[in-house]
Amino acid sequence: MPDRSVLVVEDEENLLEALRYNLEREGYQVHTASDGGEGLEMARKLNPSLILLDIMLPTLDGFEICRILRRESEVPILMLTAKGEEVDRVVGLELGADDYITKPFSIRELVARVRNTLRRTKYLKDDQGVAGERPSHRIGALEIDLNSHEARLAGRPLSLKPKEFDLLALLASNKGRAFTRDQILEKVWGYDYIGQTRTVDVYISWLREKLQADPSTARCIVTIRGVGYRLDG
C-alpha cells in the first residue's frame, strides 16, 4: 500500500477539487469520490493510506461508511463536517474515526493533519516491528499485547477502537507518568492542536467504562487535576 495515498469522499465539488489540488501539491496520490456508496467501494478496492470523509453525503453518509470500514480495516479516517456541534464530533470518534475537522477549515491545517496522521501511523507500524522486546504490559487483570495489538481483561478480549488501544498502550508503557492532554494528542493522534483536547477526555471516558468490568483495573486511569492523566497499577 502506498504510504501517501489519500481517498477524499466529499460531495461539494469546489472543496473536493481544492483538496485534490493541495494534497497533490504536497506529493500525495489522491483519489476522489462524491457519493457515499462510491466512496465505500473505492475504500475497499484501493486500500488507501488515509481517508478524508465528509459526513453529509448522497446514498450513504459518512457515519455509516465509518461504521462499516471500522469492522473491516484500521485505515486512518479524518472526518469532515459542516456542523460545529460536539455531538457530531463525538459520534464520529465513537464510530472509530481518528480525527475530525469542522468546516470551514484552513487547507493548511487540513494538510498538516493528514501529514501528521500518516506520520503517526507509520511510527506505530515501525514500533510494532520491534515490539518483541516489550511484548506486553500487565495492570491487574489487564494485559496489553503490543505485538498482536490486542488487549485482554481477565483473560477475555477487550474490544477497543484503534485509538483507544494506542492511548491505553501509551499510558501502560509509561505507568505512573502523568501526561497532559496536549502531550497525549501529540503522541497518539500525531499533532499538537490547541482546542481539540476534549477528544482526549472522550477517549479516556470510553476506556474507563470498558475497564470498570474488573475491580483491579476500575480506577487504574487517574485524573491529575490541572495536568492530565496517568495509569497506575
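In this chain, residues are counted from 1 in sequence order.
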- prompt: Is there a donor-acceptor pair under 3.5 Å between the side chain of Asp61 and the backbone N or O of Leu57?
  reply: no
- prompt: In chain order, what residues pass the side-chain hydrogen bond (donor to acceptor under 3.5 Å, both in side chains) check against Arg20, with sequence neighbours excluded?
  reply: Glu17, Thr32
Identify each donor-acceptor pair in which a side-chain atom of residues 151-160 lies under 3.5 Å from a protein atom, sequence neighbours left out, and give them as a table.
{"unit_1": "Arg152", "atom_1": "NH2", "unit_2": "Glu143", "atom_2": "OE1", "d": "3.4"}
{"unit_1": "Arg152", "atom_1": "NH2", "unit_2": "Glu143", "atom_2": "OE2", "d": "3.3"}

task: Identify, with sequence neighbours excluded, every residue that meets side-chain hydrogen bond (donor to acceptor under 3.5 Å, both in side chains) alongside Glu74.
output: none
- prompt: Tell me, do Ile77 and Leu69 make a side-chain contact under 4.5 Å, heavy atoms counted?
  reply: yes
field: Nearest atoms (heavy-atom pairs only) where Pro162 meets His149
entry: O-CE1, 4.4 Å
query: Rounded to the nearest 0.5 Å, what separation is found between the CG atom of Asp166 and the OH atom of Tyr203?
result: 9.5 Å
message: In the structure I gave you, are the side-chain heavy atoms of Asp99 and Arg113 within less than 4.5 Å of one another anywhere?
response: yes
field: Minimum-distance pair of heavy atoms, taken over all atoms of Gly27 and Arg4
entry: O-NE, 3.5 Å
field: Worked verdict on Val188 versus Phe179 for side chain to side chain contact (heavy atoms under 4.5 Å, CB included)
entry: CA-CA 11 Å; Val188 175; Phe179 287 92; over 6 Å; no
- request: Output the distance between atom SG (Cys66) and atom CZ (Arg71), rounded to the nearest 0.5 Å.
  value: 11.0 Å
- request: List for me each residue that meets side-chain hydrogen bond (donor to acceptor under 3.5 Å, both in side chains) alongside Asp232, sequence neighbours excluded, and say none if there are none.
  value: Arg230
Listed partners of Glu26 passing side-chain contact (heavy atoms from CB on, under 4.5 Å), at least two apart: Tyr28, Val111, Arg115
field: Contacts of Phe105 that satisfy side-chain contact (heavy atoms from CB on, under 4.5 Å) - sequence neighbours left out
entry: Leu15, Leu19, Leu80, Ile101, Lys103, Ile107, Leu110
- prompt: If you round to the nearest 0.5 Å, how far is CZ of Arg138 from CG of Asp145?
  reply: 9.5 Å
task: Could you tell me the separation between the CG atom of Leu7 and the CG atom of Leu53, rounded to the nearest 0.5 Å?
output: 8.5 Å
field: More than 12 heavy atoms of other groups within 6.0 Å of Arg177 CZ
entry: yes
task: Could you tell me whether a side-chain N or O of Glu164 sits under 3.5 Å from a main-chain N or O of Lys161, the two making a donor and an acceptor?
output: yes
- prompt: Checking side chain to side chain contact (heavy atoms under 4.5 Å, CB included) for the pair Met56/Asp11: CA distance, chi angles, key distance, verdict?
  reply: CA-CA 8 Å; Met56 304 302 292; Asp11 66 335; 5.7 Å; no
- prompt: To which residues is Val227 joined in a hydrophobic cluster, defined by side-chain heavy-atom contacts under 4.5 Å among Ile, Leu, Val, Met, Phe, Trp and Tyr, whether direct or through other members?
  reply: Val222, Ile224
task: Would you indicate whether the side-chain heavy atoms of Arg181 and Asp201 approach each other to under 4.5 Å?
output: yes
field: Rounded distance (nearest 0.5 Å) linking atom CD1 of Ile184 with atom CD1 of Ile204
entry: 5.5 Å
- request: Decide, yes or no, whether a salt bridge links Asp182 with Lys187 under the criterion of side-chain N to carboxylate O below 4.0 Å.
  value: no
field: Verdict with supporting geometry, Leu52 and Val9, side chain to side chain contact (heavy atoms under 4.5 Å, CB included)
entry: CA-CA 6 Å; Leu52 293 178; Val9 188; over 6 Å; no
- prompt: Just checking, any donor-acceptor pair under 3.5 angstrom between side chains of Asp35 and Thr59?
  reply: yes
message: Less than 4.5 Å apart, side chain to side chain, heavy atoms only: is that true for His137 and Leu146?
response: yes
query: Tell me, do Tyr229 and Arg208 make a side-chain contact under 4.5 Å, heavy atoms counted?
result: yes
message: I'd like to check the side-chain contact (heavy atoms from CB on, under 4.5 Å) partners of Ser73; sequence neighbours left out, ordered by chain and number.
response: Val75
query: Would you say Tyr21 and Leu78 are hydrophobically clustered, going by side-chain heavy atoms of ILVMFWY under 4.5 Å?
result: no
Sub-4.5 Å side-chain heavy-atom contact between Ile139 and Lys175: yes
query: Do Val202 and Val200 have side chains that get closer than 4.5 Å, going by heavy atoms?
result: no
message: Test your reading of the model: is there a side-chain donor-acceptor pair from Glu209 to the backbone of Trp206, 3.5 Å cut-off?
response: no
query: Could you give the distance from CG (Asp54) to CG (Leu16), rounded to the nearest 0.5 Å?
result: 10.0 Å
Counterpart residues, salt bridge (Lys or Arg N to Asp or Glu O under 4.0 Å), relative to Glu72 (two or more places apart): Arg44
- prompt: Under a 4.5 Å cut-off applied to non-hydrogen side-chain atoms, are Thr223 and Arg225 in contact?
  reply: no
field: Test log, rule side chain to side chain contact (heavy atoms under 4.5 Å, CB included), inputs Leu50 and Asp98
entry: CA-CA 10 Å; Leu50 180 142; Asp98 295 85; over 6 Å; no
Can you list, pair by pair, the side-chain donor-acceptor contacts under 3.5 Å of residues 211-218, counting residues two or more places apart and other chains?
{"unit_1": "Gln212", "atom_1": "NE2", "unit_2": "Ala218", "atom_2": "O", "d": "3.2"}
{"unit_1": "Asp214", "atom_1": "OD1", "unit_2": "Ser216", "atom_2": "N", "d": "2.9"}
{"unit_1": "Asp214", "atom_1": "OD1", "unit_2": "Ser216", "atom_2": "OG", "d": "2.3"}
{"unit_1": "Ser216", "atom_1": "OG", "unit_2": "Ala141", "atom_2": "N", "d": "3.0"}
{"unit_1": "Thr217", "atom_1": "OG1", "unit_2": "Leu211", "atom_2": "O", "d": "2.9"}
{"unit_1": "Thr217", "atom_1": "OG1", "unit_2": "Asp214", "atom_2": "O", "d": "3.2"}

- line: Taken in chain and number order and not counting sequence neighbours, the residues that satisfy side-chain contact (heavy atoms from CB on, under 4.5 Å) with Ser106 are Arg108, Glu109
field: Shortest non-hydrogen contact between Ile144 and Ala172, atoms and distance
entry: CD1-CB, 3.3 Å
query: Minimum heavy-atom separation for Ala178 to Gln183, with atom names?
result: O-OE1, 4.1 Å
task: Indicate whether any N or O donor in one side chain lies under 3.5 Å from an N or O acceptor in the other, for Ser5 and Ser49.
output: yes
message: To check you understand the geometry: which heavy-atom pair defines the closest contact between Ala43 and Pro48, and what is its length?
response: O-CD, 3.5 Å
query: Taking only residues two or more places apart in sequence, or in another chain, which ones meet Arg67 in a side-chain hydrogen bond (donor to acceptor under 3.5 Å, both in side chains)?
result: Glu64
query: Can you name the closest pair of heavy atoms from Pro58 and Ser34 and give their distance?
result: CD-O, 3.6 Å
